[in-house]
Amino acid sequence: MDLPENLFKFDIIANDPNTHARCGVFHTAHGDIPTPIFMPVGTKATVKGLMPFQIRDLGAKIILNNTYHLAMRPGADLVEEMGGVHEFMRWDGPILTDSGGFQVFSHNEFMKLTNDGVRFRAVDYDGRWVSWTPEDNMAIAEKLGSDICMQLDQCPGYPATKDYVARAVELSSMWGERCWNAHTRPDQALFGIVQGGMHMDLRLRSLAHLEECGDFPGYGIGGYSVGEDHETMYETLEPLVAEHMPKNKPRYLMGVGNPTTLVRAVASGVDMFDCVLPTRTARMGTAFSSEGRLNLKNARFAHDHGVLDERCDCPACRGGFTRAYIHHLVRQKEMLGGILLSQHNIRYLLALMERVRAAIAEGRYAEFYRDWMNSPAANDF
RNA sequence: GGGGAUGUGGCACAGCGGCAACUGCGGCGGACUGUAAAUCCGCUCCCUCUGGGUUCCUUGGUUCGAGUCCAAGCAUCCCCA
């Protein structure tokens, strides 16, 4: 395979003059990723309910898969045998695989640290104990063949004692180094992950260690949106990103998909986001809109002739599917309801990010930010 | 005409002497942030609501106490003529 010369380079196209926002392009073997960007989540090698061409038509440039889930089912060897995860799921654009650290550590009662890794129960599958080292995790990621893989990390929840978070930072740092040393696949970028909870000193320690142990082509920012309120998150997130993280590398705020948080985090200099929020809430009957969130299950939509959002160009809105119809689908638990809403919500976030990029490119992000914060939707997210 | 069965909250069902009454559906609302999630959680007789009032086809009875037992009536369903 011929690898492009600019592989994993991050070209910054514009820096907003009044905020820390920037727009750029990150180059991968399966295509360029414009930033800032939102990445739809397709945990088990599928964005639930959507065909790859539909995901592409919504404007998605990169999607997520999950190493842990795919390792459990159908197994990394099988995916490799089938030609890698792109071929397996028939998506030829960039793919980022999350390590599974989030999953492993979200069930603390079924997890224990070992000398060189973790043991945990595959609670969502057969419940058996699985042992993982950072090296194992890299081997799986390489078999899957994603364009970007994430280091194995420990994601502490909130609230957590500083001591506990400090240990998570130590462990994540050590694992980041081991992942860096174990990772060999040249067409796959490995991102380190900054942890440290709501403690600035721990965040900086985590970042410093990652910078020492390898030349990561990008950095994840983990351990936010784990139960803390928004202002608590911004207290450390904003200075961390705006003042301390390397400017020439993409910064990926993991697990955040609230539109208002996206807009604000971009102003601090975040480049990438992912979140299950648009797709999960879609399947549960919620639509994102310029009016805020709409719960399509509500009786008030039963006779509503309007589309989900007049300003939206998603298939559901372009197709003229009324709120009344989608209300009916959702209430009857018809598959199409979740499918239409998933497309709508993904499009909502991708369109938002398109406007974000345009605003940055034109040097008017401060204005965009102000307008967003004054919009009716801003307070509802 | 004869025989049998059943009547419980919007619907379907449970209940076999201590019940404002199990459960499911329906209805109303909420949650969802690197997907254990097309899931989960409330509320759903009335009121002046950490209490009170009326309920289980109707009426009467037995009992400290009846949706539950007895009697009569009404209604519905099934079988035989």
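This one's a predicted model, so the numbers in the text were calculated from it and none came from an experiment. A, B, ... follow the sequence lines: proteins, then strands. Residue 1 opens every chain.
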For this session: List in chain and number order the residues that pass ring pair (Phe, Tyr, Trp, His ring centres under 6.0 Å) with A/Tyr125, two or more places apart in sequence or in another chain; answer none if no residue qualifies.
Result: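 Residues passing ring pair (Phe, Tyr, Trp, His ring centres under 6.0 Å) with A/Tyr125: A/His69.
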In whole Å, what separates the [atom1] atom of [N] from that of [M]?
N: B/rG42; M: B/rC25; atom1: P; value: 14 Å
N: B/rA5; M: B/rA71; atom1: P; value: 13 Å
N: B/rG26; M: B/rA12; atom1: P; value: 15 Å
N: B/rC78; M: B/rG30; atom1: C1'; value: 47 Å
N: B/rG61; M: B/rG10; atom1: C1'; value: 33 Å
N: B/rU6; M: B/rC45; atom1: C1'; value: 25 Å
N: B/rG1; M: B/rU8; atom1: P; value: 27 Å
N: B/rG9; M: B/rA21; atom1: P; value: 16 Å

Exercise. Which way is the base of B/rC19 turned, syn or anti, if we draw the line at 90° from 0?
Worked result: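 Chi for B/rC19 falls in the syn range.
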Scan every strand shown for a Watson-Crick or G-U wobble partner of [N], both distances under 3.5 Å, and answer none if you come up empty.
N: B/rA31; value: B/rU39
N: B/rA5; value: B/rU76
N: B/rU54; value: none
N: B/rG26; value: B/rU44
N: B/rG60; value: B/rC70

Distance only, no hydrogens: is a donor on one side chain within 3.5 Å (strictly under) of an acceptor on the other, for [X] and [Y]?
X: A/Asp274; Y: A/Tyr252; answer: yes
X: A/His30; Y: A/Asp187; answer: no
X: A/Asp153; Y: A/Gln195; answer: yes

Exercise. Could you give the NE2-to-C1' distance, from A/His327 to B/rG27, as a whole number of Å?
Worked result: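 Answer to the nearest Å: 11 Å.
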Exercise. Can we call the ring centroids of A/Phe288 and A/Phe381 under 6.0 Å apart?
Worked result: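 That pair passes the under 6.0 Å test.
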Problem set entry | Ring centre gap for A/Trp132 and A/Phe120 strictly below 6.0 Å |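 Yes, ring centres under 6.0 Å apart.
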Problem set entry | Sugar-phosphate only, base, or nothing, as touched by A/Arg331 at under 4.0 Å among non-hydrogen atoms |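 Sugar-phosphate, no base atom in range.
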Exercise. If you measure from the Lys or Arg side-chain nitrogens to the Asp or Glu carboxylate oxygens, is any gap between A/Asp201 and A/Lys162 under 4.0 Å?
Worked result: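 A/Lys162 and A/Asp201: salt-bridged.
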Exercise. Nucleotide by nucleotide, 5' to 3', does protein get under 4.0 Å of the base (B), only the sugar-phosphate (S), or neither (-) in nucleotides 30-39 of chain B, counting heavy atoms?
Worked result: BBBBBBBBBB
